[in-house]
Structure formats: C-alpha cells, structure tokens
Amino acid sequence: MKLTIKIIFATLLIPAFVFAQQSAGKGQSTGKKQLKPISNDLFGVFFEDLSYSADGGLYAELIQNRSFEYSPGDNKKWQPLSFWEYTTAGFGYGTISVESAQPIASVNPHYIVLNIDDPGKEGVGITNAGFDGIYLRAGENYNLSVYVRQISSAPIPVKVELRGAKGVSYGQFSFKTQGSGWKKYTGIIKATQNADSAKLTLLALAKCKIAIDEVSLFSEHTFKNEKNGMRADLAQAVADLKPKFMRFPGGCLVHGDGLNNIYRWKNTIGPVEFRQQQRNIWNYHQSFGLGFFEYFRFCEDIGAKPVPVVAAAVSCQNSGGTRGTGQKGLPMTEMKSYIQDILDLIEYANGPATSKWGAKRAAAGHPKPFHLQYIGIGNEDKQTYDFRNRFKMISNEVRAKHPEITIIGTVGPFPSGEDFELGWAFADKLSVPVVDEHFYQKPAWFLDNNARYDDYRRTKSKVYIGEYASWGNSLLNALAEAAFMTGLERNGDIVAMASYAPMLANLSHTSWNPNLIYFNNKTVVPTANYYVQQLFSVNQGDLYVPGVIRFKQDNAVKDSTLAASCVKDSKTGDIILKIIMDERCQLYMK
Ligand code: AHR
C-alpha cells in the first residue's frame, strides 16, 4: 500500500458553497451542508516519565542520583552510590560511607560522609557520570549547587570540576565550607571545551570529615531560562508541536505498582531536597525534580492547558506483574484525605495566592493561577467494584466543590472489550463529562477505524483519546495515524481531545516503542509521526466543513485506505484541506 499525505492551505480555491456556509455562521446549516464545531483542545500531548523522559530527559538536571536516594527498590542493581565513584586519584585515602542520621530532610534520608585521613596531591571525593555522560558546550555556563555539612572543625577547601577522559579539566569552581550544619553552596562553571561525555568530580582538599548531598548541575540555558527547568532543545521540540494541552504525569506511572507507588502530587512540590522521591514503575527512579509545579509551569510556557491525571485511589491492575489481578484500593479510612489531596491540587493550581495551597504555588514563584480546567481520574483501570466505588467518591466530591473543573474518566486500556464496555456504561451512569480511550494498534486498525466516531451518540460523554499510536515509526504508521486524525476532526464535536503516546524516549533507555520523539544527550530526533501530529496541531481549525473532498474510486480500492478532511480556521479565515490518499484513487473536488 502506498500512501501520500498533502496538506493544502486554501483560501482562494474554495468552492462557492463553502463560502455560503461560512457566512451562515458556526453550526448553522445552509442547504444540505453544516459546519460542525471542532473542540478547541483537540490535539495535545501526553507526557509520562517513561524511557527516562523526565530524569535523564526533559528535566535538565545533569547529575544522576544527585541525592543518593537510588535503591534496590528502584532497580535491583542500584544502591545509594550508584552512578558515583569514590575518587582518590592523587594517592589520598580515607573512607566513604552512606549515612542517614542527620539528613537535610527526613524524606530524603541518604547522604555521603567522607572521612579523609590524607587528601594526597589532588584531594579525595566523588565523581558522577551523569546520565550516560555529561554533555557540555564550550563557553556555556553551568550552575552548580551542593549541600555540604562540615563535620570536622576547620573550614574545608572543596573543588568541583568538570572533567574529561584522563582527568582533563573542562572548568571548575572552588569554595571553602563555612561552619557546621547543612549549607547550600552554589557556583558557576564555564565549560572550556565541547564534550559529549564529561564527568563531575567533587573533591575535599584537606584532612577532614565532610557530609555531602544534593549535588546538582544545570546548564544556565534551560527552556525559557526557568530555574530547575527543562532541557531547552527537547522542550522546544514539544513546544513546536503547539499542543493545546499536556496530560501528565502518565500513564501507568499515575496509579503505580501497588498502593505505595501511587503518584502523590504533594510529594513533588516545594524545594527539591524536601520532595519525597520514589521508584518509577518503569524500573528506575523518580527524583521528582520535575514535579507538579514544573509541569504546570511548562504547560504555561508552551501555551498548553494542563491536564493532570490522578489515580482513582486504586493501584495498577498489573501491579507486581500480576497481569490484571494486582489492583488494590486505598483503605476507606484513607479516602477522605486522598480526596482532600485532589481538592488541594485544584487549589494549588487555581486558588488565590492567599489560600493555603495557592500560597505554596506563589512561594514557588507563581502567584497567578495556572488556570486548571481538566483533571483526569484514573488510568486504564480495571472496572472493579473497588475502582468504581472510589472513582465515584472522588468524582462526586470534585464536582460538588469544583463544578468548573471537567472530569475525565477512564474506560480501560483497549478500544473495545470488557473494561471498555463496562467503563462506558459506568461513565453513562455517572454522566462523566469526558472519558479517556486508549489504543495501541496496527496501522490497518487506524485506517479501518477512520469512521469510529461517526456514529458515536452525541448525548453521551465526550471522548479524550488519551493514548494512541500505531505500532511503528515508519511513514506508513505516520500516515495511518494521519488518516485516523481526519476522523477526529470530522468528529471534533464529540472527540474533545487526543494525544499520541508516549511522547519522549531516551535512546539508551527505551522501555516502550514506538515514541513520538527520541533523544540522547546531544540530539533530538522527531519521528515521522511527530510531523503528522504537528501538521494537524498547527492546522486544526475550529469548524469542520463536510462534503468538500470526494474520492472517485474503482471497486478494487477500499474506502479505508483513504481519508480527508476540510476545516476552517475562523480567526484567519483559512480553509485547510488534509488529504491522505492511495495513489490509485482519483481525487476531485466538487
Ligand atoms: O504509554 C505507555 C503506557 O501505555 C501507559 O503508561 C499506559 O497508560 C498504557 O498502557
């Protein structure tokens, strides 16, 4: 099968009847034709910390395991010193230990102690190799910060250096400790050379006892130069999609691998050293440096509406690798406080800076609200009594206290089947405003399902296709998705939102394929699927114009290999045609 896609911007070559319809206004009929409104929020993005897309990805922190909290619980091979080396190059000696008796914050208990008998010629310390090396650009400033507690009595000279192979220096920063108690030391290191795989070494240069924690390094050029911000090139690739919304923080990550692994947004805000980190369901670690404040701020920076998803107070049904029987519900005794957390999230996003949670947002540097409009409850959850009961409790409370917030429910992981049917029936019963459908399927499925929403009842919940992708990154996959997306525009009155998934994957740590954007430390690689998403997003329009594009076919060609749409952008007056066509078909415009 050979397909081509054309995007045509047509403001002049429009058949006369289209103009006639336009002048009749939104949603009105002229003769047989009717312009249909398309959801303002149709094409957005889905972000999940999967395949190192947060730590080691979008989050611009260059130090891996900066706070010594990696553990075998994250990954059986890991412990607090993973990705660190004990450094004694100049014949110095002493001991290194991981301790937890006097941490900066009890939620972040581990730190290291160097007890140095002799610093030798070069000092004794620790070295971090970042996420597969630290990528440096010559002339760029790197913001360093580290917490140090001087345990011995005299001030301790400390050197922090970016190094290449054989210890060659790419820039350094030195300071002297100033008394006991945890203190944060900050400095700038200007890189003297380009390097793909530098390391950061921190050395104490005297006989001493010193505690170290939270070693952090960011390029000063994060996206929009935000503090604790995003990697600029990767964030720009997301911004260039011009998404109408961003769903976060997942996916399966939200409902977690067991009850103790449910994503708790409150653990992800405030100063980073006070955030309670946890295992990532995809078998690594979440530093939560990229937390809910940073998600909201990023959405604002790229002009996307924030769509946070919270667990429906149940864990993933596949918890513990159970393939469907691992769903557990939070005890009823915890539901009140769990629901309060969700109400607090709404206050955190939208409440005045004088409110309890709005004040925390303001303290983080954002007194103005984030204009939260949607909240997702649950992700692909198995439709059990435990799930439904808890979903209903949450939904009732959110609706009662915040009728202005649109709730997005969930109808399982597949486009049909038991959870899908039960999920829809449940959503009908509760009049859930929007439900989240997911499909990962072959390209042929997307072609065959172009008309999926044509016959959906207009009186039921609207649809958010929260995760979809055809299995692959070839041009054919991208075109099959494009064909499907014309059907979303045609049904943009009931398909409220759609987001391809997953969005980002680190090439060295990819635990799911396909993805929209691949990257390593140096390079960002958008896929063919990415360009389809972008073409649709920037050419979305707000009105669907039916009946403009027709195909003349011989009988051998199936309808499913064809798709087209015609939309109007009322602001610009543009009429936009999207055509995905099989070369055997003849197109004519009526
Ligand atoms: O997008 C990857 C995963 O697919 C998501 O975490 C989950 O919701 C879905 O099953």
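First listed ligand is number 1; within each ligand, the first listed atom is number 1. Here, residue 1 is the first one in the sequence, and each next residue gets the next number.
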**Study point:** With Phe484, the side-chain contact (heavy atoms from CB on, under 4.5 Å) member among Ile580, Asn449, Asn450
**Key:** Asn449
Exercise for review: Mind telling me whether Phe293 and Tyr348 have parallel, tilted or perpendicular rings, with 30° and 60° as the class edges?
Suggested key: perpendicular
Would you list the atom pairs, donor with acceptor, under 3.5 Å between side chains in residues 493-507 and any protein atom, with sequence neighbours excluded?
from   : atom 1 : to     : atom 2 : distance (Å)
Asp493 : OD1    : Arg458 : NH2    : 3.0
Asp493 : OD2    : Arg458 : NE     : 2.9
Asp493 : OD2    : Arg458 : NH2    : 3.4
Ser499 : OG     : Tyr464 : OH     : 2.7
Ser499 : OG     : Gly466 : O      : 2.8
Asn506 : OD1    : Ser508 : N      : 3.0
Asn506 : ND2    : Gly56  : O      : 3.1

In a simple table, one pair per line, please give the protein and ligand 1 atom names for every N or O pair closer than 3.5 Å, along with the distance.
from     : atom 1 : to     : atom 2 : distance (Å)
ligand 1 : 1 (O)  : Tyr440 : OH     : 2.7
ligand 1 : 1 (O)  : Glu467 : OE1    : 3.3
ligand 1 : 4 (O)  : Glu467 : OE1    : 3.1
ligand 1 : 6 (O)  : Glu48  : OE1    : 2.5
ligand 1 : 6 (O)  : Glu48  : OE2    : 3.2
ligand 1 : 6 (O)  : Cys252 : N      : 2.8
ligand 1 : 8 (O)  : Asn379 : OD1    : 3.4
ligand 1 : 8 (O)  : Asn379 : ND2    : 3.0
ligand 1 : 8 (O)  : Glu380 : OE2    : 3.3
ligand 1 : 8 (O)  : Glu467 : OE1    : 3.2
ligand 1 : 8 (O)  : Glu467 : OE2    : 2.7
ligand 1 : 10 (O) : Glu380 : OE1    : 2.8
ligand 1 : 10 (O) : Glu380 : OE2    : 3.0

Point to revise | Option from Trp282, Tyr59, Tyr284 for which side-chain hydrogen bond (donor to acceptor under 3.5 Å, both in side chains) with Asp49 holds | key: Tyr284
Practice item. Evaluate the ring planes of Phe391 and Phe387, with Trp represented by its six-membered ring, and classify them as parallel (under 30°), tilted (30 to 60°) or perpendicular (over 60°). Key: tilted
Check your understanding: Are Arg452 and Asp454 ion-paired here, with the side-chain N under 4.0 Å from a carboxylate O?
Key -> no
